[in-house]
Participant: 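Take this structure first; my questions come after.
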Amino acid sequence: MRIGQLVNIGFSCIVITAALIHIFNQINWWVYVVLFSIWLVCVLLGSWFIRLNYFFKSLHSKPNHTEQQVAITFDDGPHSKFTQDVLKLLKTHSAKATFFLIGKHIEENPNVVASIIKEGHTIGNHTYSHSTTFGFFSKTRVKKELEKTNALLREQTGKNIQLFRPAFGVTNPNIAHAVKALNLTAIGWNQRSLDTTSLSEDAIFKRITKNLKPGDVILLHDTSEKSLAVLERLLLFLKTKDLKSVTVNQLFQIKAYA
């Protein structure tokens, strides 16, 4: 049973108990406010932290993994310049990665998508628009976004995509509905680099490598010089630790394509 289900069941029990107490003892109104606030916080945390698996299950890491493997993943591409530079670095270090691609960028850079596939990396769906309001889309609109991106990738690569990462890692019932309807496997992370923030290259590198261990999934973006510099340092670091970067489907032993 997922954490979200447990929280909802627990909240329901609390409400029922409180209602019974209210009937017999006239419990104060502020208790209901506190209970509602707790529930609301749980829902908000579940929406913004994909690792909680609140609305649907995602794969974030492989604890106690017995092989010396981690999975480097990239969001928000394909980028006309930086993705190609990322591919060169990965090839130099004999590393494989997973690229979660945005539909509108796929349309702009079809040759880059072809290069990703040619180099033996895995691709996944990262919505079509990557809108800042993605978390407020209706069920129908979310499903259309994912279908449109999958259709683009199928047209360009001949592959039926099964891996999905929501924009910003946001989850909610509407996204859960689309994931289930399209039979997608959601992929999260447990090592978030924050490489799109104002953090320095050194701070980002330290953040990733401080507690890095086999089975971890690393989130990067193939969209900037800073991320590229961090990647180069990370790949050198992995070699010193005898760690190998593999695709998420290899790490979790799942299918990337139907």
Participant: Kindly indicate, with the supporting measurements, whether the criterion salt bridge (Lys or Arg N to Asp or Glu O under 4.0 Å) is fulfilled by Glu225 and Lys81.
Facilitator: CA-CA 10 Å; Glu225 288 285 0; Lys81 176 184 185 299; 3.3 Å; yes

Participant: Is it the case that the side chains of His60 and Asn53 hold a donor-acceptor pair, with the cut-off being a distance below 3.5 Å and no angle test?
Facilitator: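 Side-chain D/A pair, Asn53 to His60: present.
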
Participant: Checking Lys241 now: which residues fulfil side chain to side chain donor-acceptor pair (under 3.5 Å) with it, not counting sequence neighbours?
Facilitator: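 For Lys241 there are no side chain to side chain donor-acceptor pair (under 3.5 Å) partners, ignoring immediate neighbours.
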
Participant: For the pair Phe137 and Phe134, name the ring-plane relationship: parallel under 30°, tilted 30 to 60°, perpendicular over 60°.
Facilitator: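 Answer is perpendicular, since the angle exceeds 60°.
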
Participant: With distance as the sole criterion, is a donor-acceptor pair present between the side chains of Ser200 and Asp202 under 3.5 Å?
Facilitator: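 Side chains of Ser200 and Asp202: no pair found under 3.5 Å.
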
Participant: Have Thr140 and Ser138 got a donor and an acceptor in their side chains that come within less than 3.5 Å?
Facilitator: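 No - no donor-acceptor pair under 3.5 Å links their side chains.
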
Participant: Classify the angle between the aromatic ring planes of Phe237 and Phe205 as parallel (below 30°), tilted (30 to 60°) or perpendicular (above 60°).
Facilitator: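 Plane angle over 60°, so perpendicular.
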
Participant: Just checking, any donor-acceptor pair under 3.5 angstrom between side chains of Ser80 and Glu108?
Facilitator: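 Absent: no donor and acceptor within the cut-off.
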
Participant: Can you list the residues that meet the side chain to side chain donor-acceptor pair (under 3.5 Å) rule with Thr66, with sequence neighbours excluded?
Facilitator: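 Listed in chain order: nothing, the list is empty.
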
Participant: Side chains of Asp76 and His105: do they bring a donor and an acceptor to under 3.5 Å?
Facilitator: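 Absent: no donor and acceptor within the cut-off.
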
Participant: More than 12 heavy atoms of other residues, nucleotides or ligands under 6.0 Å from NZ of Lys213: yes or no?
Facilitator: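 Yes.
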
Participant: Please say whether more than 12 non-hydrogen atoms of neighbouring residues, nucleotides or ligands are located less than 6.0 Å from NZ in Lys226.
Facilitator: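 Atom NZ in Lys226 is crowded, with more than 12 foreign heavy atoms closer than 6.0 Å.
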
Participant: Taking the side chain as every heavy atom from C-beta outward, state whether Ile50 and Trp189 have any pair of such atoms under 4.5 Å apart.
Facilitator: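 Side-chain contact under 4.5 Å: yes.
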
Participant: Is there a donor in the side chain of Arg165 and an acceptor in the side chain of Thr98, or the other way round, less than 3.5 Å apart?
Facilitator: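 No donor-acceptor contact under 3.5 Å links the two side chains.
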
Participant: Apply ring pair (Phe, Tyr, Trp, His ring centres under 6.0 Å) to Phe164 and list each qualifying residue two or more places apart in sequence or on a separate chain.
Facilitator: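 In terms of ring pair (Phe, Tyr, Trp, His ring centres under 6.0 Å), with neighbours along the sequence ignored, Phe164 is linked to no residue.
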
